[in-house]
Every structure is written in C-alpha cells, then in structure tokens.
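These figures come from a predicted structure and were not determined experimentally.
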Amino acid sequence: MYRFFKRAFDIFVSFTGLVILSWLLLITAIAIKIESKGPIIFKQDRLGKGGKVFKIYKFRSMCVGAEHTGSGVYSGKGDARVTKIGKIIRATSIDELPQLLNILKGDMSLIGPRPPLTYHPWPVEEYTEEQFRMFNVRPGVTGWAQINGRKDVEWNKRIELNCWYTENISFLLDFKIFFISIFKVFTNADNENTKETAVKPTATATPAECTAKKEVAAQER
C-alpha cells in the first residue's frame with residue numbers, strides 16, 4: 001500500500017516542483033549556456049530498479065567530456081573541470097533538480113538509493129546477491145546513505161546502507177530522510193568526494209544469475 005502512495009507522492013512533488021521552480025531552472029539553464037559551450041543538461045547512464053539502465057538528468061556543472069579526463073568519475077576540491085556556475089549549483093544541489101523529470105518518468109523516486117554508474121563501483125553483474133537488493137526499489141534523488149555520510153562513505157558501506165533501506169522502507173523513514181537531506185543541502189554537509197574506496201564483492205554473479213535477479217525484481221514492480 002505504501003509503495004502505491006509513495007509513487008503518487010513522487011508524481012505530485014515532482015510536477016509541483018517543476019512548476020514552482022521553473023524560474024530557477026530557466027535562470028540556471030541560461031547561466032550554464034552563457035558560461036560554456038556544450039549541452040545544458042548532462043545525461044548519464046545509471047542503474048535503476050531491477051538493475052535496468054536509464055538516463056539520469058543533471059544540470060551540466062563541468063566542461064564537456066570531463067568524465068573521461070582528470071580524476072574520472074570523482075570531482076574533488078579545486079577540480080579545474082568544474083565550471084564557475086557548476087561550483088554554485090553543486091554546492092546548492094541545484095544541479096540535481098532536472099531529476100524531477102526522472103521522477104515523473106518513473107525512472108526514480110524522491111527517496112531511495114542513489115543510482116550508481118553502470119561501470120562504477122563495478123558492473124551490475126558483479127554485485128553479489130545480497131548487494132543486488134538495493135535495486136529492489138526505484139533509485140532516489142536522496143536516500144539513507146546520503147544522510148549517513150553522503151559522499152564521505154565508501155561504496156561497500158553505501159551499498160550496505162541502501163540494502164538496509166529497501167528492507168525497512170516506510171513513510172516515517174522517508175519523512176526522516178527528506179528533512180535531514182534538506183538540512184544537509186542548506187549546510188552543504190558531506191558534499192565533497194574524499195575517497196573512492198570500492199572493494200569488489202568476493203562472490204561474482206554469473207550472467208545467468210544476474211538475469212534471474214532482474215526477472216525477480218521485475219515481477220516485484
């Protein structure tokens with residue numbers, strides 16, 4: 001029952017947010033376009049519910065092609081790839097606002113595990129059966145791992161926190177995550193990558209096992 005309510009709430013919040021924040025979205029888009037060449041929206045493949053790949057939307061905060069140069073997927077303090085506007089929208093999390101469209105499309109939820117890259121910390125087929133539980137729900141704009149360290153938590157721990165969330169999802173938990181996330185955004189807490197430690201799981205799933213996991217997850221939708 002709650003999962004139905006959660007989806008209805010996601011649609012309401014994302015649609016309302018897009019309308020109310022339309023002026024901010026427009027100003028941000030214009031600022032990005034004026035400062036540097038390239039697309040306003042940065043699209044990137046991420047792993048969603050059931051391990052399915054989807055395109056996540058963000059305001060572009062780095063120079064074009066930055067993901068394949070410098071320190072790769074990580075952006076630390078003083079990263080030259082981040083634009084001037086990018087520094088502002090990252091510090092305020094404005095760069096995440098286009099994900100309201102992902103929520104409307106059904107790719108994401110307001111609250112849930114943050115969707116990992118398709119190749120980082122490791123490919124989907126290399127998640128253990130235990131770790132794959134984080135894909136039992138739609139990924140979120142913010143989640144349990146984000147209020148328990150955010151970018152300062154190494155990946156194995158993040159996945160552990162994400163899996164705990166999927167097993168304990170509730171209205172009260174989402175309520176708590178939502179308001180603590182707002183506090184962290186306003187204080188810019190834990191919003192800088194300090195490490196990229198990611199120890200691969202010891203048990204590697206075979207392609208057949210991965211397919212079976214996806215089929216089970218799909219049946220639970």
Side-chain angles (χ1 to χ4, degrees), residues 1-28 41-42 44 46-50 52 54-59 61 75 88-117 131 133-155 157-194 217 220-221:
M1 177 62 73
Y2 174 62
R3 299 203 179 198
F4 173 80
F5 169 78
K6 181 179 175 71
R7 179 58 188 152
F9 182 73
D10 281 340
I11 293 174
F12 172 76
V13 171
S14 57
F15 180 78
T16 303
L18 286 170
V19 172
I20 295 176
L21 298 173
S22 58
W23 63 273
L24 179 58
L25 297 172
L26 179 60
I27 290 175
T28 303
I41 299 296
F42 173 67
Q44 187 179 55
R46 296 290 183 101
L47 296 176
K49 186 176 180 181
K52 181 180 178 181
F54 74 97
K55 293 283 186 184
I56 195 172
Y57 305 138
K58 290 187 176 187
F59 276 126
S61 60
S75 174
I88 297 173
I89 63 177
R90 281 184 167 214
T92 55
S93 292
I94 291 175
D95 62 322
E96 307 284 356
L97 289 180
Q99 286 162 49
L100 291 172
L101 290 172
N102 284 120
I103 296 176
L104 271 182
K105 289 175 58 181
D107 297 327
M108 297 177 66
S109 176
L110 184 62
I111 309 295
R114 282 297 293 168
L117 294 165
Q131 292 176 330
R133 290 187 296 118
M134 69 176 282
F135 299 113
N136 286 343
V137 299
R138 286 186 179 90
V141 176
T142 186
W144 186 239
Q146 278 59 55
I147 69 169
N148 284 281
R150 205 174 180 183
K151 294 181 179 179
D152 194 36
V153 180
E154 58 92 13
W155 268 101
K157 183 61 177 180
R158 289 189 206 185
I159 294 173
E160 182 181 322
L161 291 167
N162 288 334
C163 290
W164 183 91
Y165 170 81
T166 65
E167 297 298 317
N168 295 276
I169 186 171
S170 69
F171 172 76
L172 289 178
L173 181 59
D174 280 359
F175 185 82
K176 176 180 180 179
I177 293 172
F178 179 76
F179 282 100
I180 293 179
S181 295
I182 291 178
F183 172 77
K184 282 184 173 287
V185 167
F186 278 111
T187 59
N188 198 30
D190 307 321
N191 195 23
E192 182 180 317
N193 288 308
T194 59
E220 294 177 351
R221 295 179 187 178

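In this structure, C163 and T166 approach most closely via the heavy-atom pair O-OG1, 2.7 Å. Residues W144 and K176 share a closest heavy-atom pair of CH2-NZ, 4.1 Å. In terms of heavy-atom proximity, I11 sits nearest to S14 at O-OG, 3.1 Å. Considering every non-hydrogen atom in both P113 and M134, the closest pair reads CG-O, 3.7 Å.
Although no hydrogens or angles enter the test, the distance criterion places no donor-acceptor pair under 3.5 Å between the side chain of S93 and the main chain of E96. Proximity of a side-chain donor or acceptor of N102 to a complementary backbone N or O of K55 within less than 3.5 Å is detected. Here the side chain of R138 pairs a donor or acceptor atom with the backbone of G106 at under 3.5 angstrom. Distance alone, capped at 3.5 Å, is enough to place a donor-acceptor pair between the Q146 side chain and the G143 backbone. Between the side chain of R114 and the backbone N or O of T142 there is no donor-acceptor pair closer than 3.5 Å. With hydrogens and angles disregarded, no donor-acceptor distance shorter than 3.5 Å links the side chain of T16 to the backbone of V13.
Looking at residues two or more places apart in sequence or on another chain, you find a side chain to side chain contact (heavy atoms under 4.5 Å, CB included) between D10 and K6, R7, I103, S109, L110. For the side chain to side chain contact (heavy atoms under 4.5 Å, CB included) test, residues two or more places apart in sequence or in another chain that qualify with I27 are W23. Applying the side chain to side chain contact (heavy atoms under 4.5 Å, CB included) rule to P139 yields the partners F54, M108, P115; only residues at least two apart in sequence or on another chain are considered. A search for side chain to side chain contact (heavy atoms under 4.5 Å, CB included) contacts involving L25 returns L18, F59, L97, not counting sequence neighbours. Evaluation of the ring pair (Phe, Tyr, Trp, His ring centres under 6.0 Å) rule for F179 yields F175 as partners, not counting sequence neighbours.
In this structure the side chain of V137 never reaches within 4.5 angstrom of the side chain of K49, judged on heavy atoms. I111 places none of its side-chain heavy atoms less than 4.5 Å from the side chain of F9. Between K58 and Q44, every side-chain heavy-atom pair lies at or beyond the 4.5 Å cut-off.
Ring orientation note: the planes of F171 and Y2 are nearly perpendicular, at an angle over 60° on the 30°/60° scale.
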**Item:** Verdict with reasoning, V185 to T92, per side-chain contact (heavy atoms from CB on, under 4.5 Å)
**Value:** CA-CA 6 Å; V185 167; T92 55; 5.6 Å; no
**Trace of the side-chain contact (heavy atoms from CB on, under 4.5 Å) decision for F178 with D174** = CA-CA 6 Å; F178 179 76; D174 280 359; over 6 Å; no
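Distance check, rounded to the nearest 0.5 Å: CD1 of I94 to OG of S61 gives 11.5 Å. Between the CG atom of L47 and the CD1 atom of I56 there is a distance of 11.0 Å, given to the nearest 0.5 Å. To the nearest 0.5 Å, atoms CZ (R46) and CD (Q99) are separated by 7.5 Å.
Residue pairs that meet the salt bridge (Lys or Arg N to Asp or Glu O under 4.0 Å) test with at least one member in residues 101-112, sequence neighbours left out, are K105-D107.
For the 3.5 Å distance criterion, the side chains of N136 and Y165 fail to qualify, holding no donor opposite an acceptor.
Counting non-hydrogen atoms of other residues, nucleotides and ligands closer than 6.0 Å to CZ of F12 gives a total of 12 or fewer.
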